[in-house]
Every structure is written in C-alpha cells, then in structure tokens.
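Proteins get letters first, then strands, A, B, ... in listed order; numbering begins at 1 in each. When reading the values below, keep in mind they use all heavy atoms of this one structure, side chains included, and skip hydrogens, waters and symmetry mates.
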Amino acid sequence: MLKAYRCKNCGTVFRPRRLRCINCKSREFEEITLNHGKLVSYTLIYATREGYQAPVKIGLAEFEQGVKFLAQLDCENPEIGMEVIAVNTVNKDNGNNLLILRKP
Amino acid sequence: MPSVAVVGCGLTKFGKTDKGLIELLAEAGLKAIDDAGLDGIQFDDVLVANMASGEFNGLSGIANALVGELSLEPAAAIKIENTSGSGGAAVYVGWQAIASGKSEYVLVVGGEKMSTKSSGETAEIIASLTHLEERVHGITLPSLAALSARQYMQFYGAPREALAKVAVKNHDNALLNPLAQFHKKITIEDVLNSPIVCDPLRLYDYCPITDGAAAVVLTTLENAKRLTDNPVVISGIGFATDYYSIQTRKRLDEFPAVRRAAEKAYRMAGKKPSDIHVVEVHDMATILEILQCEDLGFFSKGEGWKAVLEDKTALDGELPVNTSGGLKAKGHPIGATGVAQVAEIFMQLQERCGERQVDAKCGLTCNIGGYGNGVVVTILEVMRPC
Ligand SMILES: [Zn+2]
C-alpha cells in the first residue's frame, strides 16, 4: 500500500515522510492510503548501478491529491498518462520487499 | 559591507589523469595564486570544494592537505560539500567571509578525482546523494535527467534534436578551450546514434567522468583595484534548496531552486536576465541546460529548446551559454565544477578567453547540487574605470 501523510494542522498531504509538515511545520500527521495513479514520466536505465540488471524501468506517477511516487515500473509498453497502481513485490536484484508501479 | 572581487583563477587540464586529488588541487590553487599575483600573501581561508574524496580516493582532511602542499599555514582550512554544487557553495562561503569583513584573502579550490572507480561504482557513489526511498529502486542521477527530458518533450512538444543540439554546441565550444576534456566535433546524428544510457537520453547527452580541479582567489574590491586594472566583482550571489526527495516536487521539467537562487542574485546585483551577456550553467545532461536557461529567466518556460535550435545560445548568439564547453564537453570533476564556472566567467569578463572570447561585461553561473537541490547562482561584473 502506498502511504502518504496528511498534516493534522493544515491538511497538506505529502510523502515521503518528514518530521515536520512541508507547509506549516506542524509535527502531527495521519497516514492515508493512495490507490490510483497516472504515469507522469518514465525511463529505462541501461547504465545501471552495481547490482542492478539493465534495463531498470523507473516510473514517476501522480496519485490522489497530486502526491507522487517514484519507483520501479513493471510494465511492457509504458505511456505517459496511463493508469498505474502501487503493489508490493520482492525485488529480483536483492530479494528485498519493494513497493513498485504496475498497470491495474 | 566590502564588495567582493575575483582577482585570479587557475584550472588543471580536465580529463583522465594519473595525478592524485591533492596534486590536482595544489596545481589549480598555485595557478590561481600566481594569476592573482599574490605569491607572498597570507591567505585567511582555504576552502576546498569536493564531494567524495573518501569514496573515490580514500582521503579525508583534504583542505588541510592542500594547505600543507602550498605552505598556507595557519590559514583556516575547510572542505565544503554540496555534491555537484560544492564549488558554488565554496564560492558562496568565500563571498560571505570577505563580505563580513572577517577575511581579506580567500583561496577557493574545487576538485574531484573520479577515474579511480568503474562507471558502475561511480554511479553508485553519486547515487548516494539521493533520498533512500528513491535510491532503493535503482535510480541514478542520469535517470532523473531522463525523467525530466521525457516530461519536458511531451509537455512542450520539444523535439529530441533540440536536446542533441546542446551537446553539439558545447562540443564546438570545447574545441576552443585547451583545458577541456573533449576536443571532438560531433553532429546531431552522432548524439542520436550513441548508446542509450537512460531512455530517451543517450551517451552524448551526458557529461563524462572527469578528473580535474579549478581555483579562484577572492578579496575585497579595494585590494582588487590595487592588483588589476579591470577588477571583476561578485555583484550578486544566491543559494536556494529544493525538496530532497524528487517525488515531492511538483514537476521535473523545472527547477524552482534555480529560480529562487537566481531571484536572490538578481535582486542583490540590481540586474535582470536581459542584463546578462554570458552564462555558464550546469549541463550534467543536455536537457538541464535548456531547463536552467528557462528558470534563470533567459527564455520563457517551454521555449528554451527553440533558442537552442535558433543558435541563440551559441558562441556568436545573443546569449552565449557554456562558452567553456560546459560540463558536457569541458568535463565535470564534481567538486571543481562550480569553481570552474566562476573562473570561466571571470576570464570572459577580463577578455582572456582567446578563440572563445565573447563580448561581455556581466556574466552568470548556475551550479546545481544534487538533482536541483542546492543551487548557487552567481553574477559577476567587470568594473572598468570610467
Ligand atoms: Zn501542515
């Protein structure tokens, strides 16, 4: 599940987490879940870092309330504007759990 | 508050070299001291801009090492790190030291020795500057530029060729810079046929891995007038940050921190974009030169790519951009870059650029740390006697 944080003081929603609100610097938030995203941009990395297999597909998606998520993208023919969701997977490169972008 | 002047500069050859980091820093520093004619002067501060001497070279304490090499004891010695904006940050701190009245002579030296590592290891070292929640996905700095490029081209209808033209232009300029890493003319076809690094950007869209160092000497305008007939002052300087995590930003085809740093520098100098005659921007990738030229106010948002195709930013255009060859073709030894940019504008204003000389009395540098995080914009002006 993709989480974001809503400021209890001013209502601003943001992610990733920080200690103080991005807008009013208040310190109290509630977690909300984001469900529907649209792809804003993407790239296929061929010059990868050590330990990653090319091509690494990266997507940037905009979810509810304009909140964005930058993550690996598991999809064959990505297009800007297409609908995406965030799903939990096991990263093939290092075995870690990773929240990634995928078609619904 | 004293006005701050640049009175000397020095650069090593950029490229791959057998010289070590301290050797490179010392070479550039000594050249700058000699260029300023200040061999006998006791410097107050030695500021060394560098990102990753620990990771690339297994070295810490490099500012102290430089003081030792150049017998600058007992000057204050500080390493300043703002990733690829380290050089700009060091100039910013040097400016503050003199403007405050605390220091009279400051040596700013930036350098990086990167060829010690493979390209995969280098990508890993540089990616350490990204937000952990983004880093775990395997992103690289070049991949962020690719995300920007795709969003920009889609949104503003910019053709791929316009981005390639930035590389062609900067390679042309570097042909006229003896210290540049590349002395090779390239064509738009060469760029578009080079290997894909991060789709849609290719090898020739990106700056190379570079060893090198650059230095400038800062002092008061009072002192500068005694040292030279045409002193160059830092009339404006601004530093601004943006959200550390990329996904927190509104868009990737704009750099709000560039706009904010520029606003601060323009306001301080009493200048507007149309007053600037020559510019050095942070073209880590071709798209970045276009985005910065827009965010610095030289062209409207979404129009920067047209200026490139119309040769407005060429050496003989209305606003020459990256006369040095830029990061793209001069090279990008990370910590050196922001200092090298100031050195290039300083030399342009003192009419010392030889074949790449342009007609300019006021110039600007834009040095970016991280991916648009910590941006330093500097405005330099020549003070010719009336
Ligand atoms: Zn708030």
Side-chain angles (χ1 to χ4, degrees), chain A residues 2-5 12-19 21-23 34 37-63 66-74 77-81 86 89 91-101, chain B residues 55 117-155 194-203 205-206 208-209 242-254 285 287 371:
Chain A
L2 182 62
K3 301 275 185 223
Y5 306 90
T12 300
V13 180
F14 60 89
R15 63 170 309 284
R17 188 171 178 112
R18 17 173 93 206
L19 287 179
C21 170
I22 205 163
N23 178 50
L34 302 173
K38 274 192 173 163
L39 199 62
V40 169
S41 193
Y42 65 93
T43 182
L44 280 66
I45 307 176
Y46 288 90
T48 57
R49 278 159 47 196
E50 299 273 286
Y52 288 89
Q53 258 198 320
V56 175
K57 288 183 200 170
I58 298 289
L60 176 68
E62 182 169 333
F63 281 72
V67 178
K68 291 178 194 68
F69 182 43
L70 180 72
Q72 285 191 10
L73 174 65
D74 179 19
N77 295 302
E79 270 179 45
I80 288 181
T89 59
N91 186 336
K92 60 183 187 309
D93 291 315
N94 56 24
N96 293 341
N97 283 323
L98 197 66
L99 193 64
I100 67 165
L101 291 164
Chain B
E55 295 86 337
K117 298 288 180 190
S118 70
S119 54
E121 289 168 328
T122 301
E124 188 70 32
I125 290 169
I126 297 173
S128 73
L129 66 83
T130 57
H131 194 291
L132 189 58
E133 285 193 25
E134 296 169 349
R135 202 181 317 156
V136 293
H137 290 276
I139 61 164
T140 60
L141 261 283
S143 74
L144 301 178
L147 291 171
S148 291
R150 192 181 305 281
Q151 190 177 31
Y152 182 82
M153 291 193 294
Q154 162 101 8
F155 194 75
S194 63
I196 301 174
V197 172
C198 297
D199 178 67
L201 298 183
R202 292 167 181 265
L203 187 63
D205 283 295
Y206 291 104
I209 289 171
D242 195 0
Y243 304 132
Y244 178 50
S245 92
I246 300 301
Q247 52 199 323
T248 309
R249 310 209 187 145
K250 207 178 259 167
R251 299 185 62 87
L252 286 190
D253 55 8
E254 60 182 20
I287 180 67
Y371 191 70

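- A distance-only check finds a donor-acceptor pair linking the side chain of A:Q72 to the backbone of B:H137 [under 3.5 Å].
- Each of A:L70, A:T48, A:N96 has some count of heavy-atom pairs under 4.5 Å with chain B, and the biggest count is that of A:L70.
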Please tabulate, for side-chain N and O atoms in residues 55-63 of chain A, each donor-acceptor pair with protein atoms closer than 3.5 Å (sequence neighbours left out).
from, atom 1, to, atom 2, distance (Å)
A:K57, NZ, A:C75, O, 2.7

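- Applying a 4.5 Å heavy-atom cutoff, the residues of residues 128-135 of chain B that approach chain A are B:H131, B:E133, B:E134, B:R135.
- For a residue to count as touching a neighbouring chain, one of its non-hydrogen atoms must lie under 4.5 Å from one of that chain's; by this rule B:S118 touches chain A with the side chain only.
- The number of heavy-atom neighbours closer than 6.0 Å to NZ of A:K38, taken from other residues, nucleotides and ligands shown, is 12 or below.
- With a 4.5 Å cut-off on non-hydrogen atoms, B:T248 touches chain A through its backbone and its side chain both.
- Side-chain atoms of A:R49 come within 3.5 Å of backbone N or O of B:I139 as a donor-acceptor pair.
- For B:L252, the part lying under 4.5 angstrom from a heavy atom of chain A is the side chain only.
- Remark: the backbone N or O of B:D199 is paired with a side-chain donor or acceptor of A:T43 at under 3.5 angstrom.
- Contact annotation for B:F155: neither backbone nor side-chain heavy atoms come within less than 4.5 Å of a heavy atom of chain A.
- Neither the backbone nor the side chain of B:L203 comes within contact range of chain A, judged by heavy atoms closer than 4.5 Å.
- For A:I80, the side chain to side chain contact (heavy atoms under 4.5 Å, CB included) criterion is met by A:Y42, B:R150, B:Q154, not counting sequence neighbours.
- Side chain to side chain, B:T140 and A:Y52 fail the donor-acceptor criterion of an N or O pair below 3.5 Å.
- No other option in B:A146, B:G138, B:S245, B:G120 has as many heavy-atom pairs under 4.5 Å with chain A as B:G138.
- Only the side chain of B:I246 comes within less than 4.5 Å of a heavy atom in chain A; its backbone stays farther off.
- B:E55 is linked by a salt bridge (charged side-chain N to carboxylate O under 4.0 Å, His left out) to nothing, counting only residues two or more places apart in sequence or in another chain.
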